[in-house]
Amino acid sequence: MTSSQIDNNPIRQSTGGQTADSQPILEVRDLVKDFGGVRAVDHCSLDVMPGTITGLIGPNGAGKTTLFNLISGFHKLTAGTITFLGKRIDGMEAHETFHAGLVRTFQIPREFKYMTVLENLMLVPANQEGERIWASWFTPWRIAPQERAIERQALETLEFLNLDHLKDEYAANLSGGQKKLLELGRTLMAKPKMILLDEPSAGVSPALTDLLMEDIRRTQEETGITILIIEHNMRVVMSLCDPVIVLSEGRKLMEGTPEEVQRDEEVLRAYLGFSGEASAAAGENTAHETAPNEAEFGETKAGA
Amino acid sequence: MDIIYFLAGFGILAGIYGVFTLGLNVHWGYTGLFNIGVAGFFALGAYTAALLTTAPPSPELFEDFVFGGNLANTLQLGIDLWFFVALACAAIVSGVVALVVGAITLRLRDDYLAISTLGIAESVRLMFLNEKWLANGSRGLSDIPKFLGDFVTPKQYDLLYFAVVIIVLAALYFVIQRAINSPWGRVLRAIREDEEATAAAGKNVFRFKLQAFILGAAVMGIGGALYAHGFRYVDPMVFDPLLATFIVWVMLMVGGSGNNLGALMGAFIVWGIWSGTQFLPPEINNPNLRFFLIGFLLVLVIMLRPNGMIGERRRVSEGGT
Amino acid sequence: MSILRVDGIFAGYGETEILHGVSLHVEPGEAVTMFGPNGSGKSTLMKTIFGLLTPREGSVVFENTDITGMQTDRLIRMGMSYVPQVGNIFPSLTIEENLEMGAFADDTEMPAQVAEMYRMFPDLRRSRRQRAGSLSGGQRQMLAFARALMLKPSLLLLDEPSAGLSPIMAQLIFDRLRVIRGTGVALLIVEHNIRTALAMSDRGYVLADGENRLDGSAAGLLDNPDIGRLYLGGK
Amino acid sequence: MIGQGIGVRARSAALGEWGWAGALALLCVVVFVAAPSKVVNGILLGSMIALGAIGITLIYSILRFAHIAHGDYMTLGAYISFFLLTVVFPAIGIVGTGFGPFTFGYPLLIALPITVVVCCAFALAIDNSVYQRLRERGTGLITIAMVSLGIAIALRGAIQMLWGTGPIRLPRETRSFYHIDFEIALPTGGALPFDIRVPPDNIFLGLTAVVLVGALYLFLNRTRTGKAMRATADNIDLARITGIDTTRIVHWTWAIAAAYAAIAGTLIAVARAQLHPNAGWATLIPMFAAVLLGGIGKPWGALVGGLLIGVSMEVSTEWVSPAYKPAVSFAIMLVVLLVRPRGLFGDRDA
């Protein structure tokens with residue numbers, strides 16, 4: 001890869017340009033994930049269409065973050081398939097899903113503390129010539145132009161996020177909201193085809209949340225990148241996302257426009273919990289809690 | 001004039017220690033790899049260089065020992081170019097051992113690497129101590145040839161070799177500095193800060209850790225080769241953990257890990273104190289007291305000044321916005 | 001006289017403030033449910049009450065003693081107990097040893113209390129010599145309750161007791177909580193199964209964005225249409 | 001950690017932990033037939049390694065860092081015992097060697113408990129003045145391990161200042177070895193002769209190890225503090241909110257680890273009939289190999305691991321020079337890390 005292949009525009013790139021045709025960009029089929037005795041994701045299937053900002057909501061413990069961890073390769077799945085851009089990505093490791101074009105953020109920002117803001121961004125682009133150990137000694141002339149291009153891309157991204165005045169600051173010195181922006185900036189640097197945002201508004205003041213929302217919307221509009229967001233702040237979900245997918249008890253409960261979701265009785269029930277009398281109907285759903293692996297503990301399970 | 005020769009002798013060792021601290025800085029300072037077996041790579045480098053350039057120790061024990069002995073003659077390279085071949089071989093041997101051990105342990109918990117490096121150091125020492133056919137056992141290898149020895153009088157040789165050490169040190173400093181300031185080094189520092197987030201940024205963490213481990217080990221191997229040709233004698237006692245591992249750690253931590261200049265400063269200052277104490281009156285000039293102080297200093301530095309004297313450069317004031 | 005009185009708590013982690021002046025109270029023997037959208041600060045409030053987090057402002061009074069910032073082992077001896085949402089049992093200890101640990105601060109009445117717990121949770125007696133790690137999710141929760149009840153607390157704090165459980169298992173959990181409540185222990189529950197939790201509670205508090213939003217009797221809250229709006233937005 | 005997830009991939013699905021233990025036990029039997037004396041002496045060496053490894057694994061499970069100074073804590077124990085036996089006790093008239101069939105005298109039995117107390121006090125003082133401060137400051141675990149390296153160096157320097165750098169012979173009597181001769185009739189008609197030679201001292205060492213391991217078992221499973229220690233190892237946050245005084249548990253951990261280290265260090269010196277300032281440091285690799293083999297945080301794993309390592313080290317002398325014993329334990333450790341990184345009995349999340 002040579003410097004010419006680095007696009008000068010910080011965020012615009014081609015792949016996201018495809019409009020929402022019938023082909024989903026991400027297909028999750030029958031995904032299952034067990035942790036010890038608990039089934040966190042239970043035969044979950046969902047599609048994300050290209051070019052959308054899709055919201056992922058659901059009550060606590062519905063399996064949203066686990067789903068992110070599975071899609072991005074941070075957890076190994078128990079069963080099921082994940083297809084991204086027509087390619088199977090289940091079983092890939094975290095850095096491999098990244099190269100497939102899928103980039104995630106963490107709920108709590110994971111900045112590289114003792115690296116500058118600029119370095120935090122410049123780290124991200126893939127296939128950097130200078131990441132070969134030999135390159136700095138034997139082919140420095142191939143690094144320099146690429147570095148300049150990446151630095152320009154990083155500076156433009158910082159400008160886009162209004163963080164450019166902090167470029168030489170250590171990331172550890174940023175405020176909570178600035179760290180969130182930095183995290184968003186890092187994902188943009190990857191020129192991904194799809195971004196997974198885990199609770200971008202968590203721990204951010206309402207004023208900054210508005211800014212962040214604006215940046216996310218602008219990002220989508222200007223680049224066409226598909227965005228999947230876990231979010232609890234309904235104000236954000238309602239104004240930003242379409243469609244919204246509701247997850248409950250490890251599977252998709254429904255999908256619809258924000259208004260449809262808002263009006264849906266079943267969704268409300270999922271949030272507010274089942275009523276005392278509903279237990280007989282709910283009793284069918286016992287597969288949700290599975291017996292622990294006998295071999296793991298070497299002892300038999302007592303009857304529940 | 002004697003003082004000059006003394007200073008040159010001091011500078012040779014301080015410079016060689018500087019090489020080790022540079023190597024250790026790649027491991028700990030930039031990547032966060034906890035290597036407590038510097039002595040192992042030191043010994044591998046020193047013995048590799050010595051074996052390539054000295055006569056086979058005892059031919060009756062192992063007559064077919066082929067590669068030993070006469071690198072200088074075999075290569076027939078003018079102006080002692082064999083020296084650089086010896087340095088390169090030392091780096092390669094250390095690097096290959098690092099590759100094998102790193103491949104096993106670098107995917108696991110951080111502290112497994114520490115114990116494994118300790119194991120390398122001990123196993124390497126035992127091998128050179130016990131395999132008499134290979135390295136003459138406890139009697140060691142002597143008569144290691146002088147690099148450029150024909151050009152100066154024996155008295156002046158220290159001055160010349162001091163210059164050689166400084167040149168090699170400067171070259172290594174330059175090479176490592178290049179690598180650390182390149183995108184490759186940026187990934188290492190990211191790994192040191194947060195391994196998972198580095199993986200989320202699409203980097204193959206294991207591969208970078210392995211590369212850094214091999215690079216640092218190879219640098220240490222070169223330091224060992226410099227030592228062998230500087231003192232022209234090696235035996236297994238040289239690679240005692242105190243003088244071959246622990247003091248290097250103290251040098252790095254005192255100078256400031258994560259900063260190559262600090263690492264070099266640490267090497268010269270700590271070695272200055274160490275060798276300066278030999279002029280103390282005999283009552284307090286106890287080598288074991290120095291042993292104690294090295295450990296004590298390591299604890300003290302970490303507790304009181306975890307960033308060392310200069311540490312990593314801080315571009316912006318602490319506190320910031 | 002309230003058994004627990006929380007007044008104007010401001011608290012958070014690092015530079016992030018999560019609670020902006022929350023107040024609530026619990027009367028002796030009362031069951032109170034606290035709920036609200038994710039990120040509203042419920043778990044943070046629990047931790048603040050139990051002394052795991054020092055508030056920046058405000059006070060926590062338990063049985064007429066100001067316990068703000070007090071060490072947890074003293075709270076336990078005073079009669080407060082806490083069941084966290086996850087990691088609430090010792091997996092490599094047996095069931096019985098888990099119960100013994102519950103009485104660590106004061107083991108004078110331990111054998112009688114262990115027997116009492118086996119009476120209240122018969123499942124546990126059957127597997128008393130088994131490692132707790134081998135239990136299913138619901139059984140773990142039962143064990144966590146029993147462990148927390150070993151010192152006969154007057155107030156039990158429960159963080160999402162039914163999280164990660166099947167509805168039928170959650171139902172069993174709430175049945176047990178009713179029994180526990182019957183023994184006179186006051187309960188403060190954070191729960192997302194709001195209907196079920198409120199069905200067994202006297203009162204409820206709704207938190208949103210780190211502030212008190214609604215409170216009132218359990219029955220009244222169940223019928224309040226504002227709650228749906230709180231969760232799902234809308235006008 | 002990312003790395004762990006990858007490492008787990010290497011674990012064998014075919015053999016459970018008991019399968020592994022069984023296979024290894026079978027191997028031991030085969031080796032026993034080949035070299036019975038070495039196996040017996042290996043078990044005794046292994047039990048000493050295990051006493052040290054138990055301390056390391058306890059510190060690992062409660063404090064979560066690799067205690068690199070553990071070997072030097074053992075050395076300290078040996079030198080304190082030596083100091084009592086050669087300086088303090090003679091001054092008050094407690095002297096003697098050749099107690100019964102043993103090479104050492106009864107004063108050793110008096111010296112051991114005193115040594116244990118001194119070493120515990122030392123370990124607690126270090127924790128109080130160094131480790132506790134670092135913990136409160138939230139220092140990283142690797143950095144704490146590095147501090148323990150500094151303490152190891154300082155401690156050895158202090159020992160060498162007081163007693164010199166060379167080996168010191170322990171006062172002792174010569175005693176003849178026990179010979180055990182017997183034959184096992186083979187079904188094929190022939191007979192398999194055994195000739196086991198065991199120094200009497202090793203019987204004492206073995207019995208001490210059995211008593212100490214048994215005592216630890218009872219402590220961890222029968223006493224309130226022992227159970228609280230296991231609970232703390234399981235989940236220190238939950239232990240705190242259950243009212244367990246985790247500071248006291250940490251002190252207990254250090255006390256037990258230091259006591260067992262002191263006894264192991266002294267007994268190793270007795271078995272070798274000499275003291276060396278380097279002895280403990282040299283035992284570090286076999287001890288860590290035992291800890292990793294058994295699975296971090298598992299006292300029983302450390303015991304089994306210690307025995308396996310000890311036997312392997314002794315039996316390896318059939319084929320390689322005895323000088324390579326530490327290298328043998330290192331090789332075993334690498335193989336364990338390669339094949340089963342969480343050890344024989346380790347949890348999946350270790």
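A note on names: the letters A, B, ... follow the listed sequences, proteins ahead of strands, and every chain is numbered from 1.
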Check: Regarding B/E195 and B/T198, is there a side-chain donor-to-acceptor distance under 3.5 Å anywhere?
Finding: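 No.
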Margin query: Is B/L188 in contact with chain A via its backbone, its side chain, both, or neither, using a 4.5 Å heavy-atom distance?
Written below: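 B/L188 has no heavy atom closer than 4.5 Å to chain A.
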Item checked: Proximal component of B/F174, with respect to chain A [non-hydrogen, under 4.5 Å] ->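 Neither the backbone nor the side chain of B/F174 comes within 4.5 Å of chain A.
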Checklist line | Proximity breakdown for A/I143 and chain B, heavy-atom pairs closer than 4.5 Å | finding: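 A/I143 touches chain B through side-chain heavy atoms alone.
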Next item on the list: Against chain B, label A/E147 side chain, backbone, both or neither, depending on which of its atoms sit under 4.5 Å from a heavy atom there.
Entry: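 Answer is side chain: those atoms of A/E147 sit under 4.5 Å from chain B.
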Check: Is the B/F20 ring parallel, tilted or perpendicular to the B/Y17 ring (thresholds 30°, 60°)?
Finding: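 If you compare the ring of B/F20 with that of B/Y17, the planes turn out perpendicular.
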Notebook entry, point to check: Between B/W249 and B/W28, does the ring centroid distance fall short of 6.0 Å?
Noted result: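 Ring centres of B/W28 and B/W249 closer than 6.0 Å.
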Note to self: Regarding B/R186 and A/E119, does a basic nitrogen lie under 4.0 Å from an acidic carboxylate oxygen?
What the structure shows: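 No.
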